[in-house]
J.: 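Have a look at this one.
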Amino acid sequence: MRVRRRTVWFMTLLSLVAVISVYYLVDPAKQFNGLTIFTDDTLQQTAVTGVTDQKATNDITQEVSSPSHLFEEMRMQVSDERSQLREQLTQKIASQEASAEEKNEAFNEMDGLIKRESAEAMLEMLVKSLGYSDAFVRAEGEKVSVTVMAEELSKAQANEIIYLVKTEMEGANDVQVKFSANNY
């Protein structure tokens, strides 16, 4: 019994370290604040500090958020769904009535959810690095849906995104790429 608890705690800490490492490696130039990864709205809005205005010597802070309300709404919807799922899994893990097998299954599902969220966030950043102003990635099993902000999307651009997703996300067999025009 004690060994299982230690194993569960070890796996939890290992997953947490992995998520923090991915978060830090994706954007190492930004000042690292470990508490920011625990908030649900981290991906929706991030404050950029330390940007110096050439006319003034004071540092300025500006808010960076999704330029599209559609993308913000999609992120909020996914965030709400996953928060509810995370809460259910946490309750199941903490439950006295649940068997060790059920708790282990809930823990594995929670670990998979964390990995999926990290992979989606990393893919969004990689797709944005291809020159798109915003991207939304949602993975459900083998199916991955990518929506990019663009006036139009050529087959070559879509294939580039599909290739990127398949190389970065293991098990992504069904990749759909859609585009959305600027919806301010």
Side-chain angles (χ1 to χ4, degrees), residues 11-12 15-27 30 32-48 63-94 105-151 153 157-158 160-184:
M11 293 302 292
T12 302
S15 298
L16 183 60
V17 168
V19 169
I20 291 171
S21 299
V22 167
Y23 184 81
Y24 182 70
L25 290 174
V26 170
D27 196 6
K30 196 165 79 172
F32 179 70
N33 180 358
L35 295 177
T36 59
I37 63 171
F38 293 103
T39 61
D40 287 335
D41 61 346
T42 300
L43 295 177
Q44 283 84 25
Q45 193 172 48
T46 305
V48 177
E63 294 293 320
V64 177
S65 63
S66 173
S68 167
H69 295 293
L70 173 67
F71 283 60
E72 287 180 22
E73 288 175 16
M74 290 190 299
R75 285 188 182 102
M76 289 296 288
Q77 180 183 4
V78 170
S79 177
D80 289 344
E81 290 172 8
R82 291 189 177 161
S83 291
Q84 290 174 356
L85 178 60
R86 201 176 296 115
E87 186 176 318
Q88 291 171 355
L89 292 172
T90 302
Q91 288 175 354
K92 193 173 203 176
I93 291 171
E105 190 175 298
F107 176 78
N108 288 338
E109 193 173 339
M110 178 89 78
D111 186 49
L113 181 64
I114 291 169
K115 288 178 182 175
R116 187 173 357 138
E117 287 175 335
S118 297
E120 287 173 349
M122 186 166 55
L123 279 172
E124 283 181 4
M125 286 186 233
L126 289 172
V127 170
K128 286 179 191 179
S129 73
L130 294 175
Y132 300 99
S133 61
D134 204 356
F136 176 74
V137 177
R138 175 132 191 212
E140 294 293 330
E142 293 183 355
K143 186 177 180 180
V144 179
S145 175
V146 180
T147 306
V148 294
M149 185 175 292
E151 292 299 322
L153 193 66
Q157 291 170 315
E160 182 180 28
I161 293 170
I162 291 170
Y163 178 76
L164 177 70
V165 170
K166 287 189 174 190
T167 56
E168 294 295 323
M169 186 175 271
E170 195 173 306
N173 295 327
D174 181 14
V175 181
Q176 295 179 348
V177 178
K178 304 172 199 166
F179 72 94
S180 177
N182 292 343
N183 297 333
Y184 292 101

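The basis for the numbers below is simple: all heavy atoms, side chains too, and nothing from hydrogens, waters or symmetry mates. Quick caveat: nothing in here was measured; it's all calculated off a predicted structure.
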J.: Show the nearest heavy-atom pair for residues Ala139 and Glu120, with the distance to one decimal.
T.: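 What the structure gives for the nearest pair is N-OE2, 2.6 Å.
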J.: State the CG-OG1 distance between Leu126 and Thr167, to the nearest 0.5 angstrom.
T.: 8.5 Å
J.: To check you understand the geometry: which heavy-atom pair defines the closest contact between Ala119 and Met169, and what is its length?
T.: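 The pair with the smallest heavy-atom distance is CB-CE, 3.4 Å.
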J.: Is any side-chain heavy atom of Gln157 closer than 4.5 Å to a side-chain heavy atom of Phe179?
T.: no
J.: If you look at every heavy atom in Lys178 and Ser145, which pair is closest and at what distance?
T.: NZ-OG, 3.8 Å
J.: Measuring only between side-chain heavy atoms, which start at C-beta, is Glu109 closer than 4.5 Å to Leu85?
T.: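 Side chain of Glu109 against side chain of Leu85, heavy atoms only: contact under 4.5 Å found.
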J.: If you round to the nearest 0.5 Å, how far is CG of Asp134 from CE of Met74?
T.: 8.0 Å
J.: Write down the atom of Leu123, the atom of Leu164, and the distance for their closest heavy-atom approach.
T.: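 Between these two residues, the closest heavy atoms are CD2-O, 4.2 Å.
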J.: Determine whether a donor-acceptor pair (N or O, by modelled atom type, separation under 3.5 Å) exists between the side chain of Ser79 and the backbone of Met76.
T.: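 Answer holds: no.
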J.: Please list, chain by chain and in numerical order, all residues satisfying side-chain contact (heavy atoms from CB on, under 4.5 Å) with Asp174, sequence neighbours excluded.
T.: Lys143, Gln176
J.: Would you please name every residue forming a side-chain contact (heavy atoms from CB on, under 4.5 Å) with Ala158, sequence neighbours left out?
T.: Leu153, Val177
J.: So, using salt bridge (charged side-chain N to carboxylate O under 4.0 Å, His left out) as the criterion, who are the partners of Arg138 when residues are at least two apart?
T.: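 Counting only residues at least two positions away or on another chain, Arg138 forms a salt bridge (charged side-chain N to carboxylate O under 4.0 Å, His left out) with Glu81, Glu140.
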J.: Applying side-chain contact (heavy atoms from CB on, under 4.5 Å) between Phe136 and each of Val148, Val78, Val146, report the one that passes.
T.: Val78
J.: By salt bridge (charged side-chain N to carboxylate O under 4.0 Å, His left out), which residues pair with Lys166, not counting sequence neighbours?
T.: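 Lys166 satisfies salt bridge (charged side-chain N to carboxylate O under 4.0 Å, His left out) with no other residue.
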J.: Taking all atoms of both residues into account, what is the closest heavy-atom pair of Ala135 and Arg75, and its distance?
T.: O-NH2, 2.5 Å
J.: Rounded to the nearest 0.5 Å, how far apart are CD of Glu124 and OG of Ser129?
T.: 12.0 Å
J.: How would you list, by chain and number, every residue that makes a side-chain hydrogen bond (donor to acceptor under 3.5 Å, both in side chains) with Glu168, sequence neighbours excluded?
T.: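 For Glu168 there are no side-chain hydrogen bond (donor to acceptor under 3.5 Å, both in side chains) partners, ignoring immediate neighbours.
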J.: If you look at every heavy atom in Phe71 and Ser180, which pair is closest and at what distance?
T.: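 Scanning both residues completely, I find the closest heavy atoms to be CE1-CB, 3.9 Å.
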J.: Who are the salt bridge (charged side-chain N to carboxylate O under 4.0 Å, His left out) partners of Asp111, not counting sequence neighbours?
T.: Lys115
